[in-house]
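See below for the structure under consideration.
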Amino acid sequence: MIYDTFIGPFIEFEFMRRALVGACALAIAGSPLGVFLILRRMALTGDAMAHAILPGAALGYLVAGLSLPAMTIGGLAAGFTVALAAGLIARLTALREDASLAGFYLISLALGVVIVSARGSNVDLLHVLFGSVLALDDATLLLLASIATVTLVVLAVGYRALAMETLDPGFLSSVSGAGAPTQLIFLALVVLNLVGGFHALGTLLAVGVMMLPAASARLWSADITRMTAIAIGIGLISSYFGLLFSYHYSLPAGPMIILMAGVVHFVSLVFGQAGGLLRNAFAGRHLEA
Amino acid sequence: MTAAIKFRDLTLGYDRHPAVHHLTGEVESGALLAVCGPNGAGKSTLLKGIIGALSPLGGAVRLEGCKARDIAYLPQAAEIDRSFPINVFDMVAVGAWRTSGLFGAITGKARARTFDAIEAVGLAGFEDRHIGTLSGGQMQRVLFARVLLQDAPIILLDEPFNAIDQRTVGDLVDLIGRWHGEKRTVVAVLHDLDLVRKHFPQTLLMAREQVAWGDTAHVLSAENLLSARNMAEAFDREAHECERAA
């Protein structure tokens with residue numbers, strides 16, 4: 001009974017195992033990035049970048065159909081272009097970075113949907129917008145795993161620079177020229193993971209596995225290492241239970257994974273030990289010193 | 001550990017309006033110099049020009065005996081995100097940048113120096129405290145400790161005693177005195193003229209342009225202070241291009 005409910009589906013069906021591996025790879029690499037996006041107050045930037053990937057992937061689709069390399073390259077190109085353009089515009093015009101990013105991603109999203117619709121069917125559009133985590137082939141799995149590996153290695157090596165650039169950019173620029181490259185490499189990792197997430201979860205939900213666990217983790221701890229560990233844990237748990245629910249109740253898998261992360265998020269909002277609702281409402285009597 | 005700063009007809013500013021106008025002079029190696037003047041006189045701008053965060057509109061800053069990256073700089077209002085989860089020890093320890101760099105380890109020696117620096121600014125016992133829980137003055141002392149750890153030949157302090165209580169000011173002034181004794185070059189922007197008279201042998205009084213520069217007692221005369229106070233604070237929207245020759 002327990003076996004049938006919790007383990008059986010993954011033993012029985014290869015597509016479930018593949019989905020689980022893919023989703024776990026995304027969660028492991030995406031969660032630390034999400035933690036830093038939140039610390040850098042860039043939570044919505046991640047969302048905007050995810051949308052910005054669409055026209056690139058759509059162009060790849062226009063050229064080669066539902067082809068992994070074409071859509072990956074298109075997505076990466078579009079993501080980097082928008083990230084760089086938004087940064088450049090913020091530096092050269094009166095517009096702030098968030099405003100220019102909002103402008104770019106809205107244009108991108110509209111353009112992407114038009115391009116996909118111009119050639120394909122609504123099924124293809126759904127695939128692009130919401131991904132197909134239950135249909136991951138070897139090449140896609142390899143891509144997701146590679147992205148996760150690269151992300152974790154780069155984060156480990158560049159951790160001090162990234163933390164300093166987030167905490168005190170003025171100090172970093174006064175002692176080293178690492179500020180601008182750090183920012184760029186971080187954005188590159190975000191784009192890379194969003195493109196990976198795009199294949200599994202689609203453009204609209206790719207950012208979900210990045211932000212939701214990270215935002216929930218902040219409610220459980222204010223320590224950066226613990227936050228990252230908790231976020232990864234939440235990401236993994238959401239992936240597993242999301243797939244399980246999707247299997248047993250025939251619900252769409254990608255959105256279920258994000259919904260599970262959403263459930264954890266609500267629980268964290270209420271019960272979180274580091275600033276959740278209950279904790280703040282019933283903080284107890286004040287201390288002596 | 002000796003380094004000097006030279007200004008040659010230096011003009012710094014924002015949007016073509018000068019904030020420091022045609023400044024020429026030299027901060028000698030090992031000098032302990034106070035920079036004084038009214039609000040908007042260009043004091044902070046001058047420090048930003050020295051570390052190279054602001055490119056000159058005209059003239060040049062020259063550093064001798066050290067690179068801009070070797071300068072320890074304590075900004076007036078550091079753009080520090082105090083909600084970032086980091087404790088006092090780690091915050092101070094990054095001051096060891098010259099030895100640890102971007103990737104190197106914080107060695108046992110650097111750890112010991114970090115504890116010393118935290119103790120020197122009177123924050124012993126605060127090592128594990130999150131920086132978001134510190135008061136404004138305590139945070140300023142953390143930044144002072146970081147400067148201490150940077151072990152720099154040139155130290156620039158922009159209004160370092162804002163929001164700091166009397167006792168701590170005394171401790172920090174002693175620290176500055178120690179740096180001076182170690183032949184480091186120290187430049188501090190200050191408003192407390194009594195403190196300047198007591199502890200800083202040299203002063204640059206400026207009001208966009210240099211009013212006086214030299215021995216403190218001589219520079220901070222009633223006459224000079226009056227002329228600095230008369231500076232027009234707002235820039236002139238209709239200003240013409242400056243034609244003054246170098």
Side-chain angles (χ1 to χ4, degrees), chain A residues 32 34-43 91-94 153-183 185-186 214-215 217-231 273-275 287 289, chain B residues 15 44 47-54 66-88 90-106 128-133 139 142-143 145-147 149-152 154-156 158:
Chain A
V35 167
F36 270 103
L37 280 172
I38 284 183
L39 291 177
R40 294 169 73 88
R41 318 248 152 104
M42 287 170 65
R91 205 161 295 176
L92 298 181
T93 72
V153 170
V154 173
L155 270 184
V157 173
Y159 186 80
R160 185 179 295 162
L162 184 57
M164 284 313 298
E165 218 280 320
T166 307
L167 163 68
D168 190 354
F171 176 75
L172 184 63
S173 70
S174 81
V175 294
S176 136
T182 302
Q183 238 175 339
I185 291 171
F186 178 68
R218 173 63 191 86
L219 293 160
W220 293 101
S221 174
D223 175 89
I224 190 163
T225 316
R226 247 173 278 161
M227 252 171 91
T228 309
I230 293 172
Q273 283 298 304
L287 305 173
Chain B
D15 204 12
S44 301
L47 298 196
K48 285 180 198 159
I50 295 173
I51 61 160
L54 204 63
C66 105
K67 296 190 296 272
R69 296 245 157 90
D70 296 332
I71 297 175
Y73 168 54
L74 182 64
Q76 186 178 4
E79 25 168 356
I80 291 176
D81 179 1
R82 299 256 313 259
S83 68
F84 191 93
I86 188 172
N87 63 29
V88 168
D90 289 347
M91 183 82 200
V92 174
V94 288
W97 194 274
R98 263 148 60 96
T99 52
S100 73
L102 208 46
F103 308 115
I106 305 283
D128 291 331
R129 283 272 292 272
H130 182 283
I131 57 167
T133 66
M139 186 64 199
V142 167
L143 296 181
R146 188 172 71 181
V147 168
L149 210 64
Q150 277 183 271
D151 191 25
I154 297 180
I155 297 166
L156 308 180
D158 197 350

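What's counted below: heavy atoms across the whole structure, side chains too, no hydrogens, waters or symmetry copies. Note on naming: letters A, B, ... go to the chains in the order of the sequence lines (proteins, then strands), and numbering restarts at 1 for each one.
Of the atoms belonging to L74(B), not a single heavy atom falls under 4.5 Å from chain A. Heavy atoms of A72(B) lying under 4.5 Å from chain A are absent altogether. Using a 4.5 Å cut-off between heavy atoms, S173(A) contacts chain B through its backbone alone, with no side-chain atom that close. Residue contact with chain A, scored on non-hydrogen atoms closer than 4.5 Å, involves the side chain of R146(B) exclusively. Both the backbone and the side chain of I80(B) come within contact range of chain A, judged by heavy atoms closer than 4.5 Å.
Top candidate by heavy-atom pairs under 4.5 Å with chain B, chosen from M164(A), R40(A), M227(A), is M164(A). For the set V175(A), L39(A), I224(A), the entry with the most heavy-atom pairs within less than 4.5 Å of chain B is V175(A).
Here D81(B) pairs with R41(A) in a salt bridge; the nearest charged N to carboxylate O distance falls below 4.0 Å.
The shortest non-hydrogen separation linking D223(A) to P85(B) is CA-CB, 4.3 Å.
Atom OG in S83(B) sits 9.5 Å away from atom CG in L167(A) (nearest 0.5 Å). Annotation: the span from S176(A) atom OG to R69(B) atom CZ amounts to 6.0 Å, rounded to 0.5 Å.
M91(B) places none of its side-chain heavy atoms less than 4.5 Å from the side chain of F171(A).
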